[in-house]
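Notes follow once the structure below has been shown.
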Amino acid sequence: MALRHFLTLNDLSPAELDHVIARAIELKAEHRERRQSVQFPNYVLGMIFEKASTRTRISFEAGIAQFGGHAIFLSPRDTQLGRGEPTEDSARVISSMCDIVMIRTFEHSIIEKFAEYSSVPVINALTDDYHPCQLLADLLTVKEHKGDLAGLTMSYLGDSANNMANSYLLAGVTAGMHVRIAGPEGYLPSADIIAAAEDRAAETGGSVLVTVDAAEALLGADVVATDTWVSMGQEDEKEARLQLFRGYAVDEAAMKLAAPDAVVLHCLPAYRGYEIAAAVIDGPQSIVWDEAENRLHAQKALMAWLMHRSGLAVVEGLD
Ligand code: CP
Ligand code: NVA
């Protein structure tokens with residue numbers, strides 16, 4: 001059985017994505033009933049964090065604990081990762097002692113190299129280019145609120161060259177959605193990412209629209225999403241960025257253009273008054289708290305699926 005990793009949404013076929021989301025819904029229901037049909041006693045999750053986190057750390061650590069396993073939190077400050085040990089050496093060693101590894105880091109190439117040398121599944125817990133675990137939770141949340149994902153229009157506004165924009169694009173079309181991305185010139189997804197998303201859209205019946213016109217992206221949207229204008233690592237550009245993205249805020253005026261029953265996503269942390277108005281994130285269309293909780297259920301389903309498909313565990317009910 002081939003080792004499976006989850007570095008971007010390209011690592012799941014449309015059918016596999018559907019399967020993981022369906023499994024997450026089951027695991028969430030079990031969690032509510034305080035049942036746990038899936039068990040990984042003594043399994044160890046290595047968690048490498050080179051950037052800060054609240055949700056990702058808690059959801060992965062709680063998730064593996066609920067499976068009966070254990071997590072090890074590894075930060076560059078306290079390990080040799082911060083002293084320049086080569087990624088390939090770290091990958092060989094860490095994967096020889098852990099059963100699954102998640103990594104939050106900077107350049108996407110770091111996680112690709114780690115996965116190349118790892119003997120266990122590797123999960124992208126955010127790189128500069130992608131945040132695919134967040135999209136598992138987002139799609140699960142939209143499915144709970146809206147039913148079938150295929151055919152829905154999902155619009156993302158703001159910094160459209162960042163990890164969340166890329167992830168909305170790829171995940172949305174994998175689920176058969178019509179994805180619209182709006183941001184200023186120079187801050188839009190790269191040609192390569194648009195091409196990958198268009199290939200997926202051709203397979204699923206979804207579509208891609210990338211525009212500088214926020215209103216064009218918003219018109220009639222079923223799902224409206226945004227993210228911080230200043231991602232981790234961009235703190236020095238903060239003042240310029242707050243000006244640059246001003247026309248792409250998800251505020252009450254923007255929401256008037258979307259469908260009346262549109263739902264609002266934000267991966268959090270949110271900065272009220274910048275990328276999203278307080279009235280929107282704290283208002284009736286916001287589903288961000290379900291979205292945050294769903295990180296737990298979606299990643300449990302993902303971990304179980306990766307271990308099952310990589311031949312490291314047998315989980316009943318998984319393909
Ligand atoms: N959305 C998200 O990944 O949050 P954290 O940075 O808190 O993990
Ligand atoms: N784009 C943000 C997402 C945080 C979860 C960042 O990379 O900081």
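We count ligands from 1, going down the list as the structure has it; atoms in each ligand are counted the same way.
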[X] and [Y] ion-paired at < 4.0 Å:
{"X": "Asp159", "Y": "Arg241", "value": "yes"}
{"X": "Asp290", "Y": "Lys28", "value": "no"}
{"X": "Glu235", "Y": "Lys238", "value": "no"}
{"X": "Arg200", "Y": "Glu203", "value": "yes"}
{"X": "Arg4", "Y": "Glu16", "value": "yes"}

Verdict with supporting geometry, His5 and Leu306, side chain to side chain contact (heavy atoms under 4.5 Å, CB included): CA-CA 7 Å; His5 302 297; Leu306 284 172; 5.8 Å; no

Going by heavy-atom distance to atom 3 (C) of ligand 2, choose the closest among Asp227, Asp128, Asn162. Asp227

Under-4.0 Å heavy-atom contact with ligand 2, by part of Thr56 that carries it: neither

[X] heavy atoms, cut-off 4.0 Å: which ligand 1 atoms fall inside?
{"X": "Leu268", "value": "1 (N), 2 (C), 4 (O)"}
{"X": "Thr54", "value": "5 (P), 7 (O), 8 (O)"}
{"X": "Arg295", "value": "1 (N), 2 (C), 3 (O)"}
{"X": "Cys267", "value": "1 (N)"}

Could you see which bit of Gln134 sits under 4.0 Å from ligand 1, with heavy atoms only: side chain, backbone, both or neither? side chain

Any atom of ligand 1 sitting under 4.0 Å from a heavy atom of Arg104?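 For ligand 1, residue contact (heavy atoms, under 4.0 Å) with Arg104 is present.
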
Has ligand 2 got any nitrogen or oxygen that is less than 3.5 angstrom from a nitrogen or oxygen of [X]?
{"X": "Arg104", "result": "no"}
{"X": "His131", "result": "no"}
{"X": "Met232", "result": "yes"}

Residues Thr226 and Glu275: side-chain donor-acceptor under 3.5 angstrom: no

Taking atom types as modelled, find out whether Asn294 and Glu144 have a side-chain donor-acceptor pair closer than 3.5 angstrom.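 Result is yes, a qualifying pair exists.
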
Please write down residue, atom name and distance for the protein heavy atom closest to [atom].
{"atom": "atom 4 (C) of ligand 2", "answer": "Leu126 CD1, 3.9 Å"}
{"atom": "atom 4 (O) of ligand 1", "answer": "Arg55 NE, 2.8 Å"}
{"atom": "atom 7 (O) of ligand 2", "answer": "Asn163 ND2, 2.8 Å"}

Which other residues end up in the same hydrophobic cluster as Tyr187, if Ile, Leu, Val, Met, Phe, Trp and Tyr are linked when side-chain heavy atoms come under 4.5 Å apart?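 Tyr187 clusters with Trp229, Val230, Leu242, Leu244, Phe245, Tyr271, Tyr274.
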
